[in-house]
**Student:** 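Mind looking over this structure? Questions follow.
None of the values given here were measured: they were computed from a predicted structure. Below, each value reflects all heavy atoms present in this structure, side chains not excepted, and no hydrogens, waters or symmetry copies.
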Amino acid sequence: MKRRSVLKALAAVAFVARPAHAAGPGKVKSVEELQKDWKSFLPPGATVPSPGEPMKLSKDEWRKRLPGESYKVLREEGTERAGTSPLNDEKRPGVFACAGCGLPLFTSEMKFESGTGWPSFFTSIPGVFEHKKDFYLIYPRTEYHCIRCGGHHGHLFDDGPPPTGQRWCNNGVALKFIPKEGKA
């Protein structure tokens with residue numbers, strides 16, 4: 001239990017030190033504003049799919065579409081090794097989308113440094129995930145999947161920073177980053 005307390009404290013310190021949700025000098029956006037304003041993090045003219053456009057492919061089609069580790073995580077509920085994703089260090093303004101189908105899931109303002117080795121977020125874009133209980137490690141965890149393609153992304157924990165207390169712990173290989181400006 002001490003480890004969880006230490007992780008909570010580290011996450012809170014990292015979150016305060018780098019306020020990802022800051023809207024500018026003296027103004028902090030609410031979670032609702034962050035969730036509503038997510039499209040402002042897309043590059044001008046970008047088109048992205050909506051959650052209401054389901055994407056169903058066969059196993060063979062998914063294997064052709066996704067690199068090996070992304071396939072293992074997204075289609076077989078695997079987990080990438082901690083600390084291996086370059087997206088863990090991504091700090092530019094932009095949107096994190098599903099690597100399987102391109103559905104926007106998080107913005108850069110929703111991201112925080114959790115110290116876990118996986119990209120972590122304190123909230124998500126509304127309506128983009130389905131949840132289910134996972135008993136793989138004996139105790140129940142909340143697993144989340146892309147609502148559009150069903151791809152496994154990670155687990156939701158209650159040890160995140162304010163303002164939500166949530167930690168959406170996401171596999172980096174399950175994401176692609178769309179920068180607001182420049183190249184990915």
Side-chain angles (χ1 to χ4, degrees), residues 1-42 48 50-51 73 77 79-80 82-83 85 87-99 103-137 139-148 151-180:
M1 198 56 148
K2 281 186 178 182
R3 182 173 179 240
R4 180 171 284 191
S5 297
V6 169
L7 284 175
K8 277 185 181 182
L10 288 173
V13 167
F15 187 75
V16 170
R18 183 186 167 268
H21 64 289
K27 185 174 182 210
V28 175
K29 289 184 181 181
S30 70
V31 172
E32 293 78 21
E33 288 173 309
L34 288 173
Q35 290 174 329
K36 184 179 176 186
D37 192 36
W38 70 267
K39 288 183 182 177
S40 70
F41 286 86
L42 289 170
V48 292
S50 77
V73 169
E77 299 181 350
T79 301
E80 73 183 334
S85 174
L87 293 182
N88 198 39
D89 297 323
E90 181 59 65
K91 308 254 189 280
R92 296 174 291 171
V95 170
F96 294 86
C98 178
L103 181 67
L105 307 172
F106 307 98
T107 70
S108 52
E109 280 192 336
M110 298 171 179
K111 189 172 185 276
F112 73 98
E113 177 51 58
S114 66
T116 62
W118 288 282
S120 298
F121 306 86
F122 62 84
T123 191
S124 70
I125 294 170
V128 298
F129 289 118
E130 297 175 309
H131 300 117
K132 75 175 193 177
K133 286 291 180 198
D134 166 358
F135 293 92
Y136 183 72
L137 297 177
Y139 67 94
R141 300 182 298 173
T142 302
E143 185 176 305
Y144 59 96
H145 292 250
C146 174
I147 199 162
R148 182 167 186 248
H152 167 75
H153 278 266
H155 291 87
L156 178 58
F157 300 98
D158 64 358
D159 60 0
T164 64
Q166 296 178 332
R167 176 171 53 97
W168 296 73
C169 188
N170 214 101
N171 287 283
V173 296
L175 295 170
K176 68 178 183 178
F177 183 69
I178 305 168
K180 184 172 180 165

**Student:** Do Cys146 and His153 have side chains that get closer than 4.5 Å, going by heavy atoms?
**Tutor:**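 With C-beta onward as the side chain, the pair touches.
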
**Student:** Indicate the atoms forming the closest heavy-atom contact of Cys169 with Thr116, along with that distance.
**Tutor:**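 The answer is SG-OG1, 4.3 Å.
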
**Student:** What heavy-atom pair brings Pro163 and Val31 nearest, and what distance separates the two atoms?
**Tutor:**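 Taking Pro163 first and Val31 second, the nearest heavy atoms are CG-CG2, 3.3 Å.
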
**Student:** Under the side-chain contact (heavy atoms from CB on, under 4.5 Å) criterion, do Leu42 and Val48 qualify, and how do the steps go?
**Tutor:** CA-CA 9 Å; Leu42 289 170; Val48 292; 4.0 Å; yes

**Student:** For Asp37 and Ser40: C-alpha separation, side-chain torsions, deciding distance, then whether side-chain hydrogen bond (donor to acceptor under 3.5 Å, both in side chains) applies.
**Tutor:** CA-CA 6 Å; Asp37 192 36; Ser40 70; 3.2 Å; yes

**Student:** Quick one: which of Phe106, Phe112, Trp168 gives a ring pair (Phe, Tyr, Trp, His ring centres under 6.0 Å) with Phe121?
**Tutor:**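 Checked Phe106, Phe112, Trp168 against Phe121; only one passes ring pair (Phe, Tyr, Trp, His ring centres under 6.0 Å): Phe106.
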
**Student:** Quick check: closest heavy atoms across Phe122 and Leu34, and the distance to 0.1 Å?
**Tutor:**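 Looking at all heavy atoms of both residues, the closest pair is CZ-CD1, 3.6 Å.
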
**Student:** Taking the inter-plane angle between the rings of His155 and His152 on a 0 to 90° scale, is it parallel (under 30°), tilted (30 to 60°) or perpendicular (over 60°)?
**Tutor:**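 Taking His152 first and then His155, their aromatic rings stand perpendicular (interplane angle over 60°).
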
**Student:** Identify the heavy atoms of Ala97 and Ile178 that sit nearest to each other, and give their distance.
**Tutor:**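 Here Ala97 and Ile178 meet closest at CB-CD1, 4.0 Å.
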
**Student:** Could you tell me if Thr123 and Gln35 have a donor-acceptor pair between their side chains, going purely by distance under 3.5 Å?
**Tutor:**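 Yes, Thr123 and Gln35 have a side-chain donor paired with an acceptor closer than 3.5 Å.
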
**Student:** Would you say Thr107's side chain and Val95's backbone share a donor-acceptor pair under 3.5 angstrom?
**Tutor:**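 Not confirmed, Thr107 side chain does not pair with Val95 backbone.
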
**Student:** Where the side chain of Glu143 meets the backbone of Gly154, is there a donor-acceptor pair that is under 3.5 Å apart?
**Tutor:**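 Side chain of Glu143 to backbone of Gly154: no pair is present.
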
**Student:** Could you go step by step and tell me if Ile125 and Leu105 meet the side-chain contact (heavy atoms from CB on, under 4.5 Å) rule?
**Tutor:** CA-CA 5 Å; Ile125 294 170; Leu105 307 172; 5.6 Å; no

**Student:** Report the residues that fulfil side-chain contact (heavy atoms from CB on, under 4.5 Å) with Thr142, sequence neighbours left out, ordered by chain and then residue number.
**Tutor:**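 Once residues adjacent in sequence are excluded, the partners of Thr142 under the side-chain contact (heavy atoms from CB on, under 4.5 Å) criterion are His131, Lys133, Leu156.
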
**Student:** How long is the straight-line distance from OG of Ser85 back to CG of Asn171, given to the nearest 0.5 Å?
**Tutor:**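 If we round to the nearest 0.5 Å, Asn171:CG and Ser85:OG are 8.5 Å apart.
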
**Student:** Suppose we screen for salt bridge (charged side-chain N to carboxylate O under 4.0 Å, His left out). Which residues come up paired with Glu77, at least two apart in sequence or across chains?
**Tutor:**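 Only Lys132 meet the salt bridge (charged side-chain N to carboxylate O under 4.0 Å, His left out) criterion with Glu77.
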
**Student:** I'd like to know if Glu90 pairs up with Arg92 as an ion pair, taking the criterion as any Lys NZ or Arg NE/NH1/NH2 lying under 4.0 Å from an Asp or Glu carboxylate oxygen.
**Tutor:**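 Between Arg92 and Glu90 there is a salt bridge, with a charged N closer than 4.0 Å to a carboxylate O.
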
**Student:** With rounding to the nearest 0.5 Å, note down the distance linking CZ in Phe177 to NZ in Lys111.
**Tutor:**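 If I round to the nearest 0.5 Å, the distance is 9.0 Å.
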
**Student:** Using every non-hydrogen atom in the two residues, find where Ser50 and Arg148 come nearest and quote the distance to one decimal.
**Tutor:**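 The answer is O-CD, 3.6 Å.
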
**Student:** Provide the closest heavy-atom pair for Asn170 versus Trp118 in the form atom of the first, atom of the second, distance.
**Tutor:**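 What the structure gives for the nearest pair is O-CB, 3.5 Å.
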
**Student:** Taking the six-membered ring where the residue is Trp, are the ring centres of Tyr144 and Phe129 under 6.0 Å apart?
**Tutor:**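 When the ring centroids of Tyr144 and Phe129 are compared, they turn out to be within the sub-6.0 Å range.
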
